[in-house]
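Report on one structure; see the data block that follows.
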Amino acid sequence: MEAGVLIIIFALLVLFAFLGLGAWATVKAVGAAKRGVDRTITQARRTVEDTALKAKSFGQVGVAGALAQLRLDLRTSMRATQQALYQGVQADASLKESIGLFERLSAHGYELDDELKRLEQEPDRARIGAMLPELRVRTAKITEAADSLRWAARDRARRFAEDDLSSLSAQIEVESGALRDWSRESVDDLAAAAAAWDAQQPSAGRGSTGSAGFTGSTGSAAGAAGRSPEPPAALNPTPAKTGYPWQKAPRPETTT
C-alpha cells in the first residue's frame with residue numbers, strides 16, 4: 001500500500017514538473033514574441049518619423065524646417081554610432097568603455113530630441129527662432145562626439161584588419177617558399193642518394209658470403225652463384241670431334 005502511494009506521489013511530482021516546464025517555456029516564448037513585436041513597432045515608428053522629418057526639412061522653410069533638420073541630423077548620427085559600436089564590440093571587447101560613454105551621450109541626445117520635438121508644436125515661432133543658435137550648438141556637440149566615437153571605432157577595426165592581413169600575407173609568402181623548395185629535389189641530393197644505394201650493394205654481397213661460411217655446402221653454392229656466368233656460345237660453334245671405339249685413348253704424360 002505504501003509503495004503504491006509513493007508511486008502516485010512520484011508520478012504527480014513528475015507531472016507538475018512537466019506542467020511547470022511547459023508554462024515556463026510558454027512564458028518565454030510569449031515574451032520573446034512580444035519583444036519581437038515591440039522591436040518591429042519601434043523600428044516602424046522610427047522609420048515613419050525619419051521619413052516625416054526628411055519631408056519637413058525639404059518641404060518647409062523657416063523654423064519648422066530648421067527644427068526638423070536638427071532632429072534628423074541628431075538621430076542619424078546617434079543611430080550610426082550605436083550600430084558601429086554594438087557591432088564592433090563583438091570582435092573587440094575594448095569597445096565596452098566606448099559604449100559606456102555613448103550611453104551617457106545618448107541621454108543628452110534623447111533629451112535634446114524630445115525638446116526639439118516639443119518645439120515643433122510651439123506656436124511662438126519668434127521665440128523658437130531666437131533659440132535656434134543655442135539648439136544648433138547643442139546638436140553639433142552631440143553629433144560631433146558621436147561621430148568621433150564612430151570613426152575611432154571604425155579606424156581601430158580597419159587597423160586591426162590591415163595588421164592581420166599583413167601578418168597573413170607574410171605567413172603565406174613563407175609557406176609558398178617552403179612548398180617550392182619541397183616540390184623538387186636538387187641534383188646533388190639525387191647523386192648522393194644514388195651513391196648511397198651503390199655503396200650498399202657490395203656490402204650486401206659480402207654479408208651473404210660471410211654467413212654462408214657457417215653452413216658448409218650452402219656457402220659453396222652461394223659462392224658459385226655469386227661468380228659471373230659463363231659466356232654464351234658462339235652462333236656457329238666448332239663441332240666437337242667424334243670419337244670412334246677403335247681409337248686408343250691418349251695416355252697421360254708421365255714425368256720421371
Side-chain angles (χ1 to χ4, degrees), residues 27-166:
V27 171
K28 294 291 289 184
V30 171
K34 185 178 182 300
R35 287 192 298 270
V37 172
D38 294 341
R39 185 164 51 249
T40 302
I41 293 175
T42 302
Q43 292 177 354
R45 185 185 297 114
R46 186 179 301 165
T47 302
V48 171
E49 290 180 356
D50 292 344
T51 303
L53 289 175
K54 289 179 181 179
K56 290 180 181 180
S57 62
F58 287 110
Q60 296 183 4
V61 294
V63 175
L67 292 175
Q69 187 62 49
L70 289 177
R71 288 191 65 195
L72 186 62
D73 294 342
L74 177 65
R75 293 162 67 92
T76 302
S77 176
M78 297 296 289
R79 188 175 304 136
T81 303
Q82 182 182 16
Q83 183 179 4
L85 291 179
Y86 280 92
Q87 288 182 353
V89 75
Q90 298 178 2
D92 187 3
S94 62
L95 292 179
K96 290 181 179 179
E97 184 176 356
S98 300
I99 289 178
L101 295 175
F102 175 75
E103 290 177 351
R104 293 173 56 187
L105 182 65
S106 297
H108 296 278
Y110 286 129
E111 182 180 359
L112 178 59
D113 185 66
D114 291 339
E115 184 177 353
L116 293 173
K117 188 176 182 180
R118 288 193 303 268
L119 292 176
E120 288 179 348
Q121 309 299 327
E122 179 65 38
D124 191 353
R125 299 298 181 183
R127 186 168 183 175
I128 297 175
M131 295 174 60
L132 277 178
E134 188 268 337
L135 293 173
R136 286 194 178 96
V137 171
R138 289 176 59 189
T139 304
K141 286 183 178 180
I142 295 175
T143 55
E144 288 176 0
D147 293 344
S148 178
L149 281 176
R150 183 175 68 255
W151 284 110
R154 289 178 177 175
D155 291 342
R156 181 180 179 87
R158 183 171 58 252
R159 178 64 180 271
F160 283 165
E162 292 177 355
D163 292 343
D164 184 68
L165 180 58
S166 300

Would you say that [X] contacts [Y] through its side chain, given a criterion of any heavy-atom pair below 4.5 Å between the two side chains?
X: R71; Y: E120; answer: yes
X: L149; Y: I99; answer: no
X: L119; Y: V63; answer: no
X: R156; Y: S94; answer: yes

If I compare all heavy atoms of [X] with all of [Y], which pair ends up nearest, and what's the gap?
X: L70; Y: T139; answer: O-CG2, 3.9 Å
X: R150; Y: A84; answer: CG-CB, 3.8 Å
X: L135; Y: L112; answer: CD2-CD1, 4.2 Å
X: A153; Y: L95; answer: CB-CD2, 4.2 Å
X: L105; Y: A145; answer: CD2-CB, 3.8 Å
X: F102; Y: M78; answer: CZ-O, 3.3 Å

Within a reach of under 6.0 Å around [atom1] of [X], are more than 12 heavy atoms found that belong to other residues, nucleotides or ligands?
X: Y86; atom1: OH; value: yes
X: R125; atom1: CZ; value: yes
X: R104; atom1: CZ; value: no
X: E134; atom1: CD; value: yes

*side-chain contact (heavy atoms from CB on, under 4.5 Å) between E115 and R138: does it pass, once the steps are laid out?*
CA-CA 11 Å; E115 184 177 353; R138 289 176 59 189; 2.8 Å; yes
Taking [X] for its side chain and [Y] for its backbone only, find out whether a donor-acceptor pair lies under 3.5 Å.
X: S77; Y: L74; answer: no
X: T81; Y: A146; answer: yes
X: S148; Y: E144; answer: no

State plainly whether the residues D163 and R159 are in salt-bridge range, i.e. N to O under 4.0 Å. yes
| said: Closer than 4.0 angstrom, basic N to acidic O: yes or no for K117 and D114? | reply: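 Salt bridge between K117 and D114, a charged N being under 4.0 Å from a carboxylate O: no.
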